[in-house]
Each structure stands twice: as C-alpha cells, then as structure tokens.
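Quick note on labels: first sequence line is chain A, next is B, and so on, each numbered from 1.
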Amino acid sequence: MKVGVGKEIITEILTLSIKMIKADKVLDITDLPPIIVERSRDEKFGDFSTNIAMTIASIERKKPRLIADIIVENIHNSLKSEDEILSFPSSYIDKIEIAGPGFINFFMSRRFWLDSLKIVEDQGSEYGSSSLGNNRRIQIEFVSANPTGPLHIGHGRGAAVGDILANIMKKAGYIVEKEYYINDVGTQMTILGKSTLIRYQQLLGRDIPFPEDGYKGDYINDIAKDIIAKKGEYFMDQPEGVSLPFFTEFASKIILDGIKKDLEDFGVKFDNWFSEKGLYDIGEVDEVIGRLKEKGLAYEKDNAVWLRSSMFGDEKDRVLIRGNGQHTYFASDIAYHWDKFKRDFDQVIDIWGADHHGYVPRMKAIVEAMGYHKDALKTILVQLVNLKRGNEQIAMSTREGKFTTLSEVVREVGKDAARFFFLMRSSDSHLDFDLDLARKESKENPVYYVQYAHARISSIFRVAREKGIDIPTGEEVDLDLLKSPEEMTLIKEILSFPELVEKCAIYLEPHRLTYYLQDLASIFHNCYNKYRVISEDRKLTNARLILVKSIGTVLKNALLLLGISAPEKM
RNA sequence: GCGCCCAUAGCUCAGUUGGAUAGAGCGACGGAUUGCGGAUCCGUAGGCCGGAGGUUCAAGUCCUCUUGGGCGCACCA
C-alpha cells in the first residue's frame, strides 16, 4: 500500500481512469495533456484538484464540465470495483466534486491523512527527503568575492541563499557540490598589493600619497602592520618588482583566511575553493581560447582576441585578450565554466549579485558555444540588502571602506537570525535587514517565533516525562482520536513538507522555507492555545503527543535545512 | 539611448509558474490565561494587484505600450 503524498494517489487514479475512457472510446482523446494535480487552495475545493478536464476540453473542443463528468463517473466505478486495481484503499477518497469551470476536486478521508501521518514518525530526520534529483550532480557556486576585503552584508545574502539551496537540493535527492571561485589574479589584486605596500611605506614614515582607486579600509593598515612585525623595514628599499608580488600574495592570503573564517562563523562550508590563478597555471585559459579559435568562435581583430558571443544572443562580441596582451576576466570565466562542465555536472548554478545581471547572457552564450545546452547553467541573481535599525537606514559605502561586514552582523544578531533574515524575501526582491528586529525576542521576530514553537514542543515532552507519561510510538496510539479541524489542518500542513522541499528545489527558491516555517509555527501555536496536549484522557494525550512530535520533527528538519538551531529551551 | 529586476492592504512582502471569492507578518483598534512556556492566541478594519491595451474558457501571473524606483550597459572587475 502506498501511503503518503496524496498527489500520487490522485494522479494514479486519474491516469487509470483516462486510460479506461480512451480504451472504451467513450471519449476521443488524441493528445493527452499532462495530468497536473495540485493541492487545493481552499478547503471548499477539497484537498486536491486537477484542471485536466479543462485542458482536455480545450484540445478536443468539448465542454470541460462534460469531460469532468465522464472522468468522475469512471473514477467512481473504479473505487466501487471489487478488483484490486488501485494501490490504495478506496476509503481514502471521501468525495469527488466538479466545480467552477471544470475543476475536479478530491476530498480525502480522515483515514487517509491519519495513515499518512505515520510516515513522519517512520522517517524521522529523513522526512522531507525525496528522489526528485535522482542523484543528478549539481554544482552551486556562490559568494566568490575577490579576496580584497572582508565579506559585506550583500555577500552574506548570497552565502545564505547558496548554502541553504544546497541543503535543499541534497534533501531533494541531488548530489551537490558547493564551490567558491577565488579571483586571485588581475587588476584588483594588483591594486590590493599596491594599497598594502603604500600603507606599509606610510607607516614607516614615507610621505607618499594613497591612490584614488586603492582599498581604503582599516584592514589594509592592519595587514601592513603585520608585515612590519614579520619583515621589519626590509621592503622599504626593495624594487616594486620584488615587493609587490609579496604584498599582493600576503594580503590576499590574510583576507582569504578572514573570509573563510567569516563564512565558517556563518555556518557556511564549501566543498571546494577554486583558484582563478590555478586556471592560468595549468594553461586552461589559453587552451580554451585556442579551442574557440579552432571552432571559429573566437577571432582576432584590432590586435585583440574576441569571442563571437553575439552569435548566441549576446548583444555584441566580447574581448577575451586585450590589445596589451592581458586576459579579461571574461576569458578566465570561460575557462572556469569549461572546467566546471568537464567535471561532469548535470547542472551548474551560479549565484551572483544582481549588479552582475548584464553578465548572464554572456555566460549563457559561452555555455552554448562550448556545446552545452544553455540551461545547463542557471543563474540566481540576488538583489541588494539594505541594512536598517528600526526605521533608520544604515549607510554603506564600499568605496570608502566603511561598510557593514557580514561578521559584524553575525556577531550582533547571531548566525540563526542572520541566516533566516537573508531568506525572508525572494532573491529577486530587495531585502531590508532590520538589525533591531533580528535581535528582538518576541513574535515580531520570525526567527524567535519559529524557534519558540520548537522549544514549546520540547517543553511539552519535558512535562509529559515529569508526569510519568512515556512517549508513545505510533503503533500503540489511536490517531483516530484527532478529530478537531485544527488538528487536521496541522496534519495536512505537516504532510505538505516534502512537496515544499521539492518546489524549493525545482524553482531554486529557498526562501519558501521561511514562509512555510512561519505558517506551520502559527498553526501550531493556534492549536496549542485551543487544546491541551496533556490531559486526563490518556489515549487522547497519546494521540496528541504523536501529532506534536511530528510537528517538532518537521520544524527541526526545516530549521536544519536553513542551518538554524532547533532549541529545546530558549 | 539599450537591457535586467521590482511595483499587490498604512508598512514589509507572499502568491502553488495561467485557475475558482487575491493572502501573511508588522502596525492600528478590540479581546483571551487558576492547568502543557503569555517569547503565545483570537477578532476587527484595511485592495481598481502602478496605469492602458491585448492573448483565452480563465490574467496579480503571459505579450505590447506606459509611469515610477533600483541596477547594469568597457580592450573594468
């Protein structure tokens, strides 16, 4: 018997029914559209709905309600049939209605929901997993900030989105690799080295101006001091050809270590740190440009090498090697993505700040030029973050080196609140991050609200134990005692979790998780205030303990996906 | 000038990828506790989905135009 996701049951019976209708030639269905079953948006419309009658109607040019009638009648016959043609008991379906322009609405029985609830306990921490991904390999690349300064709050949002999406994709049955691409060559690195060198010289008393485009943050001074402590005045009279490479490497290493530390404190761990410099070292950039030339996709003009990206939907061709012989970042990005695809990922996902959106068509173009389907690369653009304290906006200026860093935010509000807040909006919406709200310990703060629900459940079990009530297992409990509409709503919400995880994975929209958690917590708190879990009625107590335990499991599993703690006490 | 994103309740935002009577949180107002955590709950008010056309059985959702905001348009990164 297949218990659980009701959609599967409904899809099965619809498929069977339509097959029979076709076979009996009751209806002439030449071109069957996909059968889509959805959770009904309103209780009045039952638990599951399908618009299949309408989609068939539009193809066959018949009346939708007529087709719905035929389908429903056939389903009734199947349900009544003595032959075991269905993989589930017919008592799982209470009622089927045709409504509106031709929707078919399915009302599931209490027995179906109560039976289904058991899978939550059976699966425990695995609950919510699915085989959607079929072990397909995907890579998610995110953050990838230049090692020229500490991560700021915008990187934090990207980090949260990437890390949590990775957790979701794993839960949905993908094999996921998280990667950070280190831009450790090029102009910005040179500027970093120069900035550090000049600070070094200034600290040692040389009166020289600081460059306009230099990195002005205090951290540069700190690094310069560090070099003085280790090397003294050695570099004061060295030629730039000697000192600059040292300063560049020294500074970038310290900054990168800082980035790693910040990410670790934020709960983000990468599987792979990929160096751009490494691409040059093994000659991959030149190799890929050579191949593109062979295929006629790159050409020389005006002393530079160009990619024929306009052939693939980009608005113009782009330079790969400049007239002065230097590669553009685009060149190494091509080599990098070529390398990614060589590593045999079924899907590559790049998460970028929205200010890079102009780059998307270019990258898609190159993926196609390399012979892959353009959807093999997906990009998520994360919009910017405004930091606020209550109603007051906190000014951020990266140019001047005064900006709120990720580590400052994490230190102030904690990792849990920060991760949750970054996921409170869809990625393509601007995000106002209210530091005051993130610290508040009341229901206004959604993180506390959700964690509180979990702590409250833990507390119920503490009390139960104190009263000598053993925590029951599903086998010995009569779930049929859960009769109130609020309890049914809770059960249905719990049972929609696997579906939610799949939706997050399919649409690459991890923010849905925080909305789900708030809904679930709210329904639980409501029910909690209305009914007592622990009462004189031992059987009812047991049934409710099972329900509450299942809610706790889902809250915990969802919080775990967010990388947020599920506290027993707060 | 061209391109991308956004516009939905006073505020901040969801909206099951085209479905039925558009939702939540916050804020406002009014209520709830001899018992499991009041760090909670319930109720009320609040809408021309920025505007105008179009596509179809059906549009907040898709197309065109338009208004306002954000961000990009280098042989920069």
Side-chain angles (χ1 to χ4, degrees), chain A residues 36 38-42 44-45 49-51 54-55 57-58 63-65 99-103 105 146 148 183 186-189 191 213 301-306 315-316 318-330 333 353-361 381 383-384 386 388 391 424-432 434 437 440-446 448-449 451-453 455-464 466-467 469 496 499-500 503 506-507 509 511-512 514-515 518-519 521-522 524-536 541 544-545 548 569-570:
Chain A
I36 294 166
E38 284 184 329
R39 223 163 250 271
S40 305
R41 64 186 320 169
D42 192 306
K44 286 195 293 274
F45 306 134
S49 307
T50 182
N51 63 351
M54 283 138 84
T55 49
S58 71
K63 292 201 167 127
R65 292 194 68 118
F103 290 100
N105 296 329
N146 286 341
T148 54
N183 290 123
T187 319
Q188 295 307 311
M189 296 311 295
I191 293 172
D213 61 354
K301 193 185 87 178
D302 302 337
N303 217 18
V305 178
W306 298 70
E315 55 190 23
K316 56 175 282 196
R318 305 286 172 177
V319 169
L320 298 174
I321 303 175
R322 292 188 260 161
N324 63 10
Q326 286 185 331
H327 293 83
T328 61
Y329 266 53
F330 188 43
D333 279 347
D355 51 345
H356 289 75
H357 68 253
Y359 217 66
V360 175
L381 297 173
Q383 294 288 336
L384 58 87
N386 288 313
K388 296 172 77 178
N391 285 326
M424 284 208 305
R425 301 283 173 258
S426 125
S427 289
D428 45 33
S429 240
H430 288 193
L431 171 71
D432 285 334
D434 184 342
L437 180 62
K440 221 173 246 179
E441 301 190 355
S442 73
K443 70 165 291 192
E444 295 158 66
N445 181 349
Y448 274 82
Y449 184 74
Q451 288 183 320
Y452 178 63
R456 193 175 230 182
I457 288 169
S458 304
S459 170
I460 294 171
F461 282 101
R462 275 195 299 273
V463 172
E466 281 164 22
K467 295 196 172 181
I469 299 169
S496 71
E499 225 172 288
L500 173 91
K503 285 248 162 73
I506 291 169
Y507 300 120
E509 289 178 348
H511 72 280
R512 290 164 184 257
T514 57
Y515 283 89
Q518 291 179 81
D519 280 348
S522 162
F524 164 69
H525 285 312
N526 171 339
C527 202
Y528 175 91
N529 273 38
K530 195 153 179 180
Y531 304 102
R532 288 191 55 78
V533 175
I534 299 166
S535 68
E536 298 306 313
T541 299
R544 287 189 170 154
L545 280 173
V548 165
K569 285 182 180 174
M570 302 173 63

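Take Arg532(A) and apply the side-chain contact (heavy atoms from CB on, under 4.5 Å) test, not counting sequence neighbours, and it matches no residue. Partners of Lys301(A) according to the side-chain contact (heavy atoms from CB on, under 4.5 Å) rule, which considers only residues two or more places apart in sequence or in another chain, are Tyr299(A), Trp306(A). With sequence neighbours left out, Tyr329(A) forms a ring-ring contact (aromatic ring centres under 6.0 Å, His included) with no residue at all. Under the rule for a side-chain contact (heavy atoms from CB on, under 4.5 Å), the partners of Pro101(A) that lie at least two apart in sequence or sit in another chain are Met54(A), Phe103(A). Residues meeting the side-chain contact (heavy atoms from CB on, under 4.5 Å) test with Asp432(A), sequence neighbours left out: Asn386(A), Lys388(A). His327(A) is linked by a ring-ring contact (aromatic ring centres under 6.0 Å, His included) to Tyr280(A), counting only residues two or more places apart in sequence or in another chain. Residues satisfying the salt bridge (Lys or Arg N to Asp or Glu O under 4.0 Å) test with Arg512(A), not counting sequence neighbours, are Glu509(A). Under the ring-ring contact (aromatic ring centres under 6.0 Å, His included) criterion, Tyr452(A) pairs with His525(A), not counting sequence neighbours. Considering only residues two or more places apart in sequence or on other chains, Lys440(A) meets the salt bridge (Lys or Arg N to Asp or Glu O under 4.0 Å) condition with Glu444(A).
For rC5(B), neither phosphate oxygen OP1 nor OP2 lies less than 4.0 angstrom from any side-chain nitrogen or oxygen of His356(A).
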At a cut-off of 3.5 Å, list every protein nitrogen or oxygen paired with a nitrogen or oxygen from nucleotides 25-28 of chain B, distance to 0.1 Å.
residue	atom	partner	partner atom	Å
rC26(B)	OP1	Lys443(A)	NZ	3.1

Return one dot-bracket line describing RNA chain B 5' to 3' (Watson-Crick or G-U wobble pairs, both distances under 3.5 Å; ( ) same strand, [ ] crossing, | another strand, . none).
(((((((..((((.....[...)))).(((((.......))))).....(((((..]....))))))))))))....

Generate the contact string for nucleotides 31-36 of chain B. Rules: B means base contact, S means sugar-phosphate contact only, - means no protein heavy atom under 4.0 Å.
----BB

